[in-house]
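Residues: numbered from 1 along the sequence shown.
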Amino acid sequence: MFSSLKDPPVLRRDALASLVVFLVALPLCVGVAVASGVPAELGLITGIVGGLVVGAMPGSTFQVSGPAAGLTVLVFEAVREFGLGTLGAIVLVTGLLQLALGALRFGRWFRAISVAVVQGMLAGIGLVLLFGQLYTMAGVKQPRSGLEKIAGVPGLVADVVTDSDALVSFAVGAGTIAVLVLWKKLPGKAQLVPAPLVAVALATAVTALGGLNVANVKVQGLIEAIQPPGLNDLTSLGSVAALGTVLAFTLIASAETLFSAAAVDRMHDGPPTHYDKELLAQGVGNTVCGVLGALPMTAVIVRSSANVQAGAKTPLSRVLHGVWLLLFAVMLPTAIGIIPLAALAGVLVHAGCKLVPFKDLAPLWREHRGELIILAVTAVAIVTTSMFEGVVLGLLLAVVKSAWETSQVGVDVRDLTDGRMVVALTGNATFLRLPRILDTLEALPQDRPIELDLSALRHLDHACRSALEVWAERHNAEGVEAVRVRHPEVVAAA
């Protein structure tokens, strides 16, 4: 990384790329913090740590870390249930768990998580984020649960139509979304300026010049926002709910980071990500964020792709983006206080929509309906229950689906010329296929000699073996030759 300091062309490209990433990260860091129910400065602190600490560590060359929209809902619920002080303790333990997982070389195993579960997780988060931020756009307090957020939309519409202040605030948020959507349609040179920065800047200018009665971000100062967790906060993590939240933070932050790494690696031809080292880097970053009482971090695909597209050559670009965030937070803290909340809510509504994989739904329905079911069930469970329960349910469904698909078994019944019957099983005989196997076997005549051939099976679990042996002992009628069982020579029995 530091070799680029001796190469002016590379240094110039990295410096320019870092400015682009900074301009993308600034509104997102603030917006994620506000949506999470914490001081805006805590989002900047996480972004700074993501640049200065994680950016300088090995793992990924171009991936940029910071507060992510994907964790907003979970952080909001954690702060509301446990308090802001305990949030730092949760993030601290999350970082320590990631360090342990990285040291044990678990990083590569996170790639084994079903893509449908991850997409469903992000879709559920996106829906809760989207509907929740609609209330913030209107300057109205949002309901607690995901279902209440969705069910309350008709009432929200009525409030916006009948209340002039709510209408003005909502219009600012809607205008922000419009700029984000339309900015991509402008010529390429215009798009060099990040859309979130333009949208928030325009919304801020309109509200300030127009003297609109819209709530702005509250500012308390960078140092004042830092609240390290105390001993009481750490001891409060002994509850089942707190431990579940820690596990959810760890799973989601790690999975989102490593899936982002796989996507970023496809965008460039530089060194690929070392997954275990990247997980260690994330662990260090979250540990530091926890000590500072800040938001949790993940690698963020939006900032990472902006880094690659801006022409970054070394990790120096992501370190410098942290430097710019630090300088902004120290030198221009009052600039945050003029940003309208409705504009940041609009940015997050747009981000929530992007978390829902609308383009993938039709292809999944045509080609992989089982994956679509897992995606949908995970998303609906997150909206109706909680993040942790939804992800666990999705993982269980993915395991069941995989087990069902891999336990394919063939049952071939043949009549021989001497009156005997041969039943040959092929594939993987597990308890999941026992009903089908036993239905076929129990329908065989009891007055004929039968040979059960298991020699072609690739796998025979204990439950299936026991059930087949019991059937063989009891099937044939008295006076008829007992069922012969030809066992496989090599079978991985459970």
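Q282 and S65 form a side-chain donor-acceptor contact under 3.5 Å, judged by distance and modelled atom types alone. Using a 3.5 Å distance cut-off with no hydrogens or angles, the side chains of E481 and N476 do not pair a donor with an acceptor. Side chains of D461 and T430: no donor on one and acceptor on the other come within 3.5 Å. Side-chain atoms of S304 and Q63 include no donor-acceptor pair closer than 3.5 Å.
The ring-ring contact (aromatic ring centres under 6.0 Å, His included) search around F249 returns none, not counting sequence neighbours. Remark: H350 engages no residue in a ring-ring contact (aromatic ring centres under 6.0 Å, His included) (not counting sequence neighbours).
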side-chain contact (heavy atoms from CB on, under 4.5 Å) for L104 and D276? Distances and angles first, verdict last. CA-CA 8 Å; L104 294 172; D276 295 319; over 6 Å; no
Step-by-step side-chain contact (heavy atoms from CB on, under 4.5 Å) determination, V64 to H321: CA-CA 9 Å; V64 181; H321 115 275; 3.5 Å; yes
The test is side-chain contact (heavy atoms from CB on, under 4.5 Å); show your working for T94 and L247 and say whether it passes. CA-CA 7 Å; T94 296; L247 290 176; over 6 Å; no
side-chain contact (heavy atoms from CB on, under 4.5 Å) evaluation trace for V93 with T287: CA-CA 7 Å; V93 177; T287 301; over 6 Å; no
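When every heavy atom of L361 is checked against every heavy atom of L372, the shortest pair comes out as CD2-CD1, 3.7 Å. Taking all atoms of both residues into account, the shortest heavy-atom contact from P27 to P196 is CG-CB, 3.8 Å. Across every non-hydrogen atom of S317 and A312, the tightest pair is OG-CB, 3.3 Å. The minimum heavy-atom distance linking I177 with G346 is given by the pair CG1-O, 3.3 Å. Between S36 and V32 the shortest heavy-atom distance is OG-O, 2.6 Å. What you find for R433 and W404 is that their closest heavy atoms are NH2-O, 2.8 Å.
Between the side chain of S466 and the backbone N or O of A463, no donor-acceptor pair lies under 3.5 Å. The main-chain N or O of V380 is found under 3.5 Å from a side-chain atom of T384 such that the two form a donor-acceptor pair. A donor-acceptor pair under 3.5 Å links the side-chain atoms of E278 to the main chain of S60, judged by distance alone. Side chain of S236 to main chain of D233: a donor-acceptor pair is present (N/O by atom type, distance under 3.5 Å, no hydrogens or angles). No donor-acceptor pair under 3.5 Å is formed between the side chain of N286 and the backbone N or O of L96. Side chain of R436 to backbone of V409: a donor-acceptor contact under 3.5 angstrom is found. T86 places no side-chain N or O within 3.5 Å of a backbone atom of A89 that could act as its donor or acceptor partner. Not a single donor-acceptor pair under 3.5 Å links the side chain of D412 to the backbone N or O of A424. A donor-acceptor contact shorter than 3.5 Å is absent between the side chain of K149 and the backbone of F131.
Considering CD of E256 and OG1 of T298, their distance stands at 4.0 Å, rounded to 0.5 Å. Separating the NZ atom in K313 from the CG atom in N307 is a distance of 11.5 Å, to the nearest 0.5 Å. Interatomic distance, CG of L441 versus CD1 of I450, reported as 8.0 Å (0.5 Å rounding). Remark: F82 CZ to I90 CD1 distance equals 5.5 Å, nearest 0.5 Å. Here CZ of R13 is found 13.5 Å from CG of L316. Values are rounded to the nearest 0.5 Å. To the nearest 0.5 Å, the span separating SG on C289 from CD1 on I45 amounts to 8.5 Å.
Looking at heavy atoms from C-beta onward, L295 lies out of side-chain contact with V91 at the 4.5 angstrom threshold. Taking the side chain as every heavy atom from C-beta outward, L444 and W471 approach each other to under 4.5 Å. Using a 4.5 Å heavy-atom cutoff, the side chains of L460 and L468 are in contact. Q446 has its side chain out of reach of V480: every pair of non-hydrogen atoms, C-beta onward, lies at least 4.5 Å apart. Put simply, the side chain of R303 reaches to within 4.5 Å of the side chain of L28, judged on heavy atoms. For the pair V246/L97, a side-chain contact is recorded, criterion being any heavy-atom separation below 4.5 Å from C-beta on. Contact check for V54 versus V284: no side-chain heavy atoms found under the 4.5 Å cut-off. Side chains of L180 and V347 form a contact here, defined as non-hydrogen atoms less than 4.5 Å apart.
Residue pairs meeting the salt bridge (Lys or Arg N to Asp or Glu O under 4.0 Å) criterion with at least one partner in residues 437-454, sequence neighbours excluded, are D415-R448, R420-E451, E451-R486, D453-R486. Applying the salt bridge (Lys or Arg N to Asp or Glu O under 4.0 Å) test to residues at least two apart or on different chains, none of the pairs has a partner in residues 50-68. Pairs of residues two or more places apart, or lying in two chains, that qualify as salt bridge (Lys or Arg N to Asp or Glu O under 4.0 Å) and include a residue from residues 362-384 are E371-K401. Counting only residues at least two apart or in different chains, salt bridge (Lys or Arg N to Asp or Glu O under 4.0 Å) contacts with residues 76-93 comprise E77-R80.
Test T378, V377, T385 against L393 for side chain to side chain contact (heavy atoms under 4.5 Å, CB included) and you get one pass: V377. For the side chain to side chain contact (heavy atoms under 4.5 Å, CB included) test with L42, the passing option among L87, L292, L84, V34 is L84; the others fail. A side chain to side chain contact (heavy atoms under 4.5 Å, CB included) with T314 is found for exactly one of T61, D14, V319, namely D14.
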